[in-house]
Amino acid sequence: MALQLAFSFPNHNPYQQNHMLKPSSLKTFNISTSSSPSTSFSTPKHYHPQSISHPLQEAFRSSSRRGLNLSVLALLITASLQNLSNNITSAQELELERYTDSKEGFTLRRPSSYVQVDKAGATVLFEEANKGSNNIGVVVTPVRLTSLGEFGSPQFVADKLIQAEKKKESTKDAEVISVAERSGHGGRQVYEFEYKVDSTRGGMKRIFSAAFVSSKKLYLLNITHSDKTESPLEAHTRTILEEVLNSFDVAPVT
């Protein structure tokens, strides 16, 4: 059984003179008197507690969202500037300059930041400062050939290179990446190779090599750079090293 109580809620100004209650102004509350301890109230249909929000709360939420967006934007800008700075520094460190050995008769471009060092067996050797495993070396040896074509095709020479690498005790694996041929000064044949070597001495390395024959001398260029999984060869650095590779040629006669 339920008791029905009636309360008046004026729909108009409470200070108006007419205080008579109209049926439409009555709101009912049903209070159950059954054995069940539940009590029910009927509320207006337009009442939505979850939609109630103070203007300051909305302003705070909006301000927080703007603050978060600005923080994310600041981090992105900072990261972009850092990357730009690193790229500029890398470009400056790998700026190329011409090196010519008039006595041996070859020329190439090499990073200005690399330092020249002496090493037995090398005609000339340049190493990256504080990281000698990244280097550029040239070896000149006398041969009976007048051109590389007499020795074999670019692929044949590449296979010989890989065989020589695999014979080294420190080599765990070696693989050819690419083989090419270009015309050097005076139409001279120049072979170019790219391969990678996994070694117990320095880990994974990327090697760019070029060779040509002139005046019965074999000219070999070897560019070695670290290419480890945790610090792979960067695209910009690779481009610079390829420029060094393509610049290797016979020195012009002056």
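Start at 1 with the first residue, then count along the sequence.
Listed for the N222 side chain is no donor-acceptor partner under 3.5 Å among the backbone atoms of G137. Although no hydrogens or angles enter the test, the distance criterion places no donor-acceptor pair under 3.5 Å between the side chain of T171 and the main chain of S199. Judged by distance alone, with hydrogens and angles left aside, the side-chain atoms of S209 form a donor-acceptor pair with the main-chain N or O of L221 at under 3.5 Å. Panel note: side chain T239, backbone A235; a donor-acceptor pair is recorded below 3.5 Å.
Annotation for V253: hydrophobic cluster partners, listed by chain and number, are none (ILVMFWY side-chain heavy atoms under 4.5 Å, direct or chained). With side-chain heavy atoms closer than 4.5 Å counting as contact, directly or through intermediates, V139 stands alone and belongs to no larger hydrophobic cluster. In this structure, Y191 shares a hydrophobic cluster with V143, L145, L148, F151, F156, V157, L161, I162, V176, V179, F193, Y195, V197, I207, V213, L218, L220, the cluster being traced through Ile, Leu, Val, Met, Phe, Trp and Tyr side chains under 4.5 angstrom apart.
Put simply, the residue from V117, V140, V138 that forms a side-chain contact (heavy atoms from CB on, under 4.5 Å) with V124 is V138. Under the side-chain contact (heavy atoms from CB on, under 4.5 Å) test applied with K196, the options D173, L233, I177 reduce to a single match, I177.
To the nearest 0.5 angstrom, D198 atom CG is 12.0 Å from E165 atom CD. In this structure, NE2 in H225 is found 8.0 Å from OG in S133, a value given to the nearest 0.5 Å. Rounding to the nearest 0.5 Å places OG of S247 at 11.0 Å from CZ of F106. Interatomic distance, CG of D101 versus CG of L108, reported as 9.5 Å (0.5 Å rounding).
Side chains of T107 and R98: a donor on one and an acceptor on the other come within 3.5 Å.
A pairwise comparison of heavy atoms in T123 and E104 identifies CG2-CG, 3.8 Å as the closest pair. N134 and S226 make their closest contact through OD1-N, 2.8 Å (heavy atoms, listed as atom of the first residue, atom of the second, distance). In terms of heavy atoms, G202 sits closest to K228 at O-CE, 3.1 Å. In terms of heavy atoms, H185 sits closest to D249 at N-OD2, 2.8 Å. The two residues A180 and P154 have their closest heavy-atom pair at O-CB, 4.3 Å.
D227 meets the salt bridge (charged side-chain N to carboxylate O under 4.0 Å, His left out) test with R206; sequence neighbours excluded. Residues satisfying the side chain to side chain contact (heavy atoms under 4.5 Å, CB included) test with T146, not counting sequence neighbours, are E150, K216. By the side chain to side chain donor-acceptor pair (under 3.5 Å) test, Q155 is found to be paired with D159, residues two or more places apart in sequence or in another chain being considered. For E97, the salt bridge (charged side-chain N to carboxylate O under 4.0 Å, His left out) partners two or more places apart in sequence, or in a different chain, are R110. Remark: N135 pairs with L125, E127, T224 by the side chain to side chain contact (heavy atoms under 4.5 Å, CB included) rule, at least two apart or across chains. In this structure R238 satisfies the salt bridge (charged side-chain N to carboxylate O under 4.0 Å, His left out) test together with E194, E242, sequence neighbours excluded. For R109, the salt bridge (charged side-chain N to carboxylate O under 4.0 Å, His left out) criterion is met by E243, not counting sequence neighbours. Residues forming a side chain to side chain contact (heavy atoms under 4.5 Å, CB included) with T200 (at least two apart in sequence, or on another chain): S170, K172.
Judged as a ring pair (Phe, Tyr, Trp, His ring centres under 6.0 Å), the pairs with a partner in residues 201-222 (not counting sequence neighbours) are, in order, F212-Y219, F212-F248.
Between R188 and S183, every side-chain heavy-atom pair lies at or beyond the 4.5 Å cut-off.
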Task: Stepwise side chain to side chain contact (heavy atoms under 4.5 Å, CB included) test for E181 and Q189 - done: CA-CA 7 Å; E181 179 180 358; Q189 285 180 306; 3.0 Å; yes
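In R182, the CZ atom is crowded: over 12 heavy atoms of neighbouring residues, nucleotides or ligands sit closer than 6.0 Å.
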